[in-house]
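Let me begin by presenting the structure, written as structure tokens, before commenting on it.
Just so you know, residue 1 is the first one in the sequence shown, and it goes up from there.
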Amino acid sequence: LTRASASGGRRVGAMGLQATVTRNAGEGPREYSAFRTASALADARWTTAGTRYQLQASLYDAPEAENPGALTAAEMARDRTLPDSNNIVRKASKTVRQSVVSLQAARETGPLSLSANGHLGWRNLDNPQAFAIIDLERQSAGGSVRAQYLGGSPERPIRVALGADLLSQVDDRLNYTNCAGVPNRPTATCPATGDRGSVTLDQEEVVRGVGAYLRGEVGLSPRLSLTGTVRHDATRFAVTVRNATDPALAEPPPRTLSAVSPMVGVNWRVGPLASAYASVSTSFETPTTTELTNRPEGIGGLNAELKPQRGVAYEVGYKGMHAGGLRYDLALFRVVTRDELIAFQVPNGQGRQFFRNAGRTTRGGLEAALSGPAGPVTLGASATWLRYVYDEFTVSGTDFAGNRVPGVAPAMASAFASVAPSWGLVAIEASRVGRVAVNNANTAWADPYTLVNARIALRPDAALRIEPVLGVDNLFDRTYAANVVVNASGGRFFEPGPGRTLYVAMRIGSRP
């Protein structure tokens, strides 16, 4: 695996310029996982007549990304570098090219500040998968405006913000029969000699979204403040199925999903470096176009039964910093979600994911973190305990109430220790992830695992900065599932993480 990055900047008159280019390439940690990516980011900032401007342009190009797929538990135990052989036969991979241009402007006039931004984006995707070859061309555009007023007194400040967002996305989607590795090549679906066979889906997907919000913060006393927010979102999905055999199905009814999402919170400054807080907030998440258009029936259009998920979150916490540098953070939360979006696969679906709503889920948990100096050593630790279960969820007569929602670890912990002498840095990190349910029935699990990473860096004090770094990830070469495919068919739930990895890096640059 190799990675190279170069960056630089300078000021030209009143304009500040920065640019970064990066290239990544490698064989990947498994068979059939080679990749190549390149990216560039340019940034220009200037001020004219009291208004600050920022212009950004980015380009991302990934001409190669092989997809080794997921494994069964037995395959991962035998050899974690194995790929799914079907992915090799069907040449599962991805080629992506994406570019974005954005412009931001902001200015302050007394207690009033105004800001606005806009962006344009383009994305081309060629994505052979076992079940199809997906060709997607996307154009996106959007912008937002925001006004904020700051008043009151230093002891009792008042801050009010009003804003709006407008977004648009147009996808031109073509799905082809994947003819790679198909024996006897039936002329109806694989008429030519290439991998792209007949068109199975040809449609245009248009998404328009608008949101507006009002946020207010009031200081009730020098130590107590109250925050409230209300936001309204409306997202419209429309599809034109160009290859529909029935004209009545060419223009399915569009769907508009909307919600009002309020939030209220209180913050109490217990001391100059510590505060306690509590909040109640709501959330609203629409399905993506992929989630809406992937339908087990194998037809185009929109899934009229898939709903947005809505949640209510309750949280209380305490955080702060001791004068000696000790930092601490403790949070207790509970999230109740209606119609949560859950992925699933079907037999003989060749790994294609579909989505349905769970009736109700509850996520309750505790997060804690502590860090600070201990003589010459800096120590830190954090932990999360989570109980994430189905309250109401029945599929084909099977009731999953009381089961854990798959794909989420119920316990995670991490710790680190570092020493930073004048010549550099020595650090060691450890993380622990509990076992993870991978299906709704909780009959299969990803095993728990512990990873240890270590690194040493040199930082000579010179005008030309040369900083070598030597590190090892997964020091004890553990086999683990870095990702799981929930509710996968055929038991292919597990995507193994890389084994022991040694890396050497060299950073060279001039001191500012």
**OP:** Determine, step by step, whether S418 and L425 satisfy the side-chain contact (heavy atoms from CB on, under 4.5 Å) criterion, reporting the C-alpha distance in whole Å, the side-chain angles of both residues, the deciding distance to 0.1 Å, and the verdict.
**Re:** CA-CA 7 Å; S418 65; L425 174 74; 4.0 Å; yes

Original post:
Should L55 and W46 be marked as a side-chain contact (heavy atoms from CB on, under 4.5 Å) after you check the CA-CA gap, both sets of side-chain angles, and the distance that decides it?
Top reply: CA-CA 9 Å; L55 176 64; W46 70 97; 4.0 Å; yes

**OP:** Take Q148 and R146 through the side chain to side chain donor-acceptor pair (under 3.5 Å) test and state the conclusion after the steps.
**Re:** CA-CA 7 Å; Q148 179 174 280; R146 184 174 185 267; 2.9 Å; yes

**OP:** Would you please test S431 and S414 for side chain to side chain donor-acceptor pair (under 3.5 Å) and show each step?
**Re:** CA-CA 4 Å; S431 60; S414 63; over 6 Å; no

Original post:
D84 and R90: salt bridge (Lys or Arg N to Asp or Glu O under 4.0 Å), yes or no, with the steps?
Top reply: CA-CA 10 Å; D84 180 350; R90 308 311 293 273; over 6 Å; no

**OP:** Please lay out, stage by stage, how E495 and R30 fare under the test salt bridge (Lys or Arg N to Asp or Glu O under 4.0 Å).
**Re:** CA-CA 10 Å; E495 295 183 352; R30 299 169 59 193; 5.9 Å; no

**OP:** Let me see the working for Q353 and V485 under side-chain contact (heavy atoms from CB on, under 4.5 Å), right down to the final yes or no.
**Re:** CA-CA 9 Å; Q353 284 195 313; V485 181; 3.7 Å; yes

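For N87 against A130, the heavy-atom pair with the smallest separation is OD1-CB, 4.5 Å. The minimum heavy-atom distance between A401 and D391, with the atom names listed, is CB-O, 3.4 Å. When all heavy atoms are compared, the tightest approach of R500 to D477 is N-OD1, 2.9 Å. Of all the heavy atoms in P29 and T81, the pair that sits closest is O-CG2, 3.7 Å. Among all heavy-atom pairs drawn from R36 and P63, the shortest one is O-CD, 3.2 Å. Of all heavy-atom pairs between L71 and E75, the closest is CA-OE1, 3.5 Å.
From S33, atom OG reaches atom CD of E64 across 10.0 Å, with rounding to the nearest 0.5 Å. To the nearest 0.5 angstrom, N453 atom CG is 4.0 Å from D473 atom CG. Taking CG from L125 and CZ from R97, the interatomic distance works out to 14.0 Å, rounded to the nearest 0.5 Å. If you take CG on D126 and OG1 on T95, they are separated by 5.0 Å, rounding to the nearest 0.5 Å. We find the CG-CZ distance between N487 and F355 to be 10.5 Å, quoted to the nearest 0.5 Å. Separating the CZ atom in R455 from the CD1 atom in I428 is a distance of 11.0 Å, to the nearest 0.5 Å.
The residues R45 and D43 are annotated as salt-bridged, a charged nitrogen and a carboxylate oxygen being separated by less than 4.0 angstrom. A salt bridge does not link R478 to D447: none of the charged nitrogens lies less than 4.0 Å from a carboxylate oxygen. Checked for salt-bridge contact, D165 and R231 meet the test: a charged N lies under 4.0 Å from a carboxylate O.
Between the side chain of T501 and the main chain of G499, a donor-acceptor pair closer than 3.5 Å is present. The backbone N or O of P498 sits less than 3.5 Å from a side-chain atom of N474, completing a donor-acceptor pair. Remark: side-chain polar atoms of R223 are paired, donor with acceptor, to backbone N or O of V270 under 3.5 angstrom. Not one N or O on the side chain of E467 forms a donor-acceptor pair closer than 3.5 Å with the backbone of R507. The backbone N or O of S93 lies less than 3.5 Å from a partner atom in the side chain of N127, making a donor-acceptor pair. A donor-acceptor pair is defined here as one N or O able to donate and one able to accept, closer than 3.5 Å; such a pair exists between the side chain of E66 and the backbone of A34. When atom types are taken as modelled, the side chain of T282 and the backbone of P262 share a donor-acceptor pair closer than 3.5 angstrom.
A side-chain contact (heavy atoms from CB on, under 4.5 Å) with V405 is found for exactly one of V486, I342, V389, namely I342. Test D339, N357, N294 against L306 for side-chain contact (heavy atoms from CB on, under 4.5 Å) and you get one pass: N357.
No more than 12 heavy atoms of other residues, nucleotides or ligands sit less than 6.0 Å from atom CD of E27.
Taking the six-membered ring where tryptophan is involved, the planes of Y390 and F400 are tilted, since the angle between them lies from 30° to 60°.
Stacking of R310 on the aromatic ring of F284 is not recorded, the 6.0 Å distance cut-off and the 45° axial limit not both being met.
A side-chain donor-acceptor contact under 3.5 Å links T450 and R432. Between the side chains of Q309 and E285, at least one donor N or O sits under 3.5 Å from an acceptor N or O. Between the side chains of R492 and Q345, no donor N or O sits under 3.5 Å from an acceptor N or O.
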